[in-house]
Peer 1: 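Pasting in a structure now, in structure tokens, and then I'll have a few things to ask.
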Amino acid sequence: MMKIIVSEKDFDIGAEMTALRAGNPQIGAIANFVGLVRDTNGGSDVASMLLEHYPAMTHRALEAIVAEAGRRWSLLDVTVIHRVGELRPGDQIVLVAVASRHRADAFSACEFIMDYLKTQAPFWKKEQTPDGARWVEQRATDDQAAARWSE
Amino acid sequence: MMKIIVSEKDFDIGAEMTALRAGNPQIGAIANFVGLVRDTNGGSDVASMLLEHYPAMTHRALEAIVAEAGRRWSLLDVTVIHRVGELRPGDQIVLVAVASRHRADAFSACEFIMDYLKTQAPFWKKEQTPDGARWVEQRATDDQAAARWSE
Amino acid sequence: MKLKVLYFARLRERLGVAEEVIELPDGMGMVAMLLDVLRTRGGVWAEELAAGKNFRVAVNQDMAGMEVPIEDGDEVAIFPPVTGG
Amino acid sequence: MKLKVLYFARLRERLGVAEEVIELPDGMGMVAMLLDVLRTRGGVWAEELAAGKNFRVAVNQDMAGMEVPIEDGDEVAIFPPVTGG
């Protein structure tokens with residue numbers, strides 16, 4: 001089971017957690033990650049951020065990542081929500097919530113999904129700073145984080 | 001910064017996440033774990049669960065675990081809430097939410113705090129099953145999970 | 001010296017005591033010695049606190065090993081491995 | 001054969017194209033060959049799509065390496081390393 005949303009709209013973590021749990025009394029653990037827009041990045045103030053994506057591919061890529069997590073760990077349900085469009089500091093960008101019987105599966109799968117999302121899902125961030133707009137570059141640590149799962 | 005609550009009362013994940021983020025625009029990542037009462041355990045139906053604790057020690061033990069996480073990783077804020085008293089299947093038992101600039105710190109610290117909580121914080125679960133009441137025994141995997149952080 | 005000794009969870013039920021004050025001769029200054037005294041009560045005490053048994057001890061609300069010193073007025077708690085979370 | 005080719009983010013801005021249809025001779029059936037054709041446009045095309053540059057390619061919405069086959073009607077996307085999450 002999975003729920004994947006790509007949207008300009010904000011999400012409500014409490015409501016998503018309630019929906020994820022609903023009707024499955026086997027769930028003992030939910031690991032959850034929320035990414036937020038920070039007000040500085042690489043030493044510059046960030047006034048706003050534009051999140052571009054590749055609409056025809058985004059959903060499909062997220063589905064493939066979640067399906068792969070489901071093959072590697074014993075999961076009961078997964079929710080992935082990713083915002084697109086214009087965001088401001090403090091805004092929520094992404095939610096990954098993973099429900100399982102025991103916590104080890106939930107933690108590993110949640111981190112795996114984030115690591116793969118960061119390197120495989122077609123989103124790009126453009127930041128507005130006092131020096132003008134700039135495209136965010138992928139961090140080398142993101143590639144390393146994803147690579148460790150294939151060891 | 002940390003917020004630690006041990007209480008019979010339920011908690012609202014959405015409200016806790018909002019409080020954790022409030023006023024800190026440096027937060028880019030929140031990793032979050034919620035433990036729930038499952039309706040079966042070890043093959044038996046669980047009708048309810050009683051969570052006993054050692055009141056004089058509980059808060060202090062949780063504080064020490066969070067402080068240790070703060071020494072190991074770069075964290076901006078941590079919330080730990082643990083329920084005590086009588087709980088039913090589907091009820092929330094524990095919340096660990098860790099805020100940091102980047103996700104690697106948040107994920108590691110959240111998992112560390114859960115692993116240590118499971119082996120160091122003085123809580124005990126007693127389950128009501130069709131065969132009577134039984135004290136839950138510590139799983140060997142919990143000891144192993146905690147031990148890996150000292151490698 | 002006087003110690004306040006607490007028992008929790010399965011051990012509290014099995015030993016039939018939640019809390020007691022124990023008077024020990026001065027110089028019996030380690031967790032291990034308190035446990036020796038408790039075992040001499042025999043029955044469930046000798047059984048549950050036997051050396052191979054899986055229980056934990058806290059001294060003044062900190063997890064403590066067998067060698068940890070105890071002093072007059074300390075609070076010692078004895079309990080099963082914890083199962084919260 | 002005809003391909004729909006899409007560009008995203010910094011590459012879209014730099015190349016000045018979001019989407020185009022490219023007609024290739026039959027038999028140019030790999031991602032690498034499409035890139036060769038694009039590089040022959042020179043200028044920013046040769047620069048941004050040079051072999052050492054860090055960009056990604058997807059064929060029909062799946063991440064694709066240089067050797068992945070392309071066929072008539074395929075959608076090929078070229079974009080910088082992704083930065084979501």
Side-chain angles (χ1 to χ4, degrees), chain A residues 11-18 20-41 45-46 49 76 88-115 117-118 139 141-142 144-145 148, chain B residues 11-18 20-41 45-47 49 76 88-108 110-115 117-118 139 141-142 144-145 148:
Chain A
F11 51 84
D12 175 336
I13 299 171
E16 293 303 332
M17 295 288 275
T18 302
L20 186 68
R21 289 163 50 185
N24 195 339
Q26 275 300 296
I27 295 175
I30 301 177
N32 178 317
F33 179 84
V34 180
L36 305 164
V37 181
R38 297 168 59 221
D39 68 350
T40 58
N41 190 19
D45 291 342
V46 175
M49 173 185 284
L76 293 169
R88 304 200 163 271
D91 280 355
Q92 304 183 132
I93 305 172
V94 62
L95 169 72
V96 174
V98 179
S100 61
R101 285 177 183 77
H102 302 291
R103 76 186 184 287
D105 287 323
F107 270 121
S108 296
C110 187
E111 201 165 0
F112 170 88
I113 291 169
M114 273 307 300
D115 285 349
L117 186 157
K118 284 258 181 190
R139 300 161 65 211
T141 52
D142 285 330
Q144 291 154 13
R148 71 195 152 131
Chain B
F11 51 84
D12 176 335
I13 299 170
E16 293 303 332
M17 294 287 277
T18 302
L20 185 69
R21 288 163 48 184
N24 195 337
Q26 274 301 296
I27 295 175
I30 301 178
N32 176 317
F33 179 83
V34 180
L36 304 164
V37 182
R38 296 167 61 219
D39 68 349
T40 58
N41 190 17
D45 291 342
V46 174
M49 172 185 283
L76 293 168
R88 304 199 162 271
D91 280 355
Q92 303 183 134
I93 304 172
V94 62
L95 170 72
V96 174
V98 178
S100 62
R101 283 177 185 77
H102 301 291
R103 75 185 186 288
D105 287 323
F107 270 121
S108 295
C110 187
E111 201 165 0
F112 171 88
I113 291 169
M114 273 307 302
D115 285 349
L117 187 157
K118 285 258 180 190
R139 299 160 67 211
T141 52
D142 286 331
Q144 292 154 13
R148 72 195 152 131

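Chain naming here is simple, since letters A, B, ... match the order of the sequence lines and numbering starts at 1 in each.
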Peer 1: Between A/K118, A/R103, A/M17, A/Q26, which has the largest tally of heavy atom pairs under 4.5 Å with chain B?
Peer 2: A/R103
Peer 1: Show the nearest heavy-atom pair for residues B/E111 and A/E111, with the distance to one decimal.
Peer 2: OE1-OE1, 4.4 Å
Peer 1: Just to verify, which of A/I13, A/L36, A/N32 counts as forming a side chain to side chain contact (heavy atoms under 4.5 Å, CB included) with B/I30?
Peer 2: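 It is A/L36, the one option of A/I13, A/L36, A/N32 that forms the side chain to side chain contact (heavy atoms under 4.5 Å, CB included) with B/I30.
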Peer 1: Supply the atom-to-atom distance B/R38 CZ to A/L76 CG, rounded to the nearest 0.5 angstrom.
Peer 2: 8.5 Å
Peer 1: Is A/R101 close to chain B through its backbone or its side chain, or both, or neither, when contacts mean heavy atoms under 4.5 Å?
Peer 2: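 Both parts, backbone and side chain.
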Peer 1: Under 4.5 Å from any heavy atom of chain B, what part of A/N24 do you find: side chain, backbone, both or neither?
Peer 2: neither
Peer 1: Please flag which part of B/A145 lies under 4.5 Å from any non-hydrogen atom of chain A: side chain, backbone, both or neither.
Peer 2: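 For B/A145, side-chain heavy atoms alone lie under 4.5 Å from chain A.
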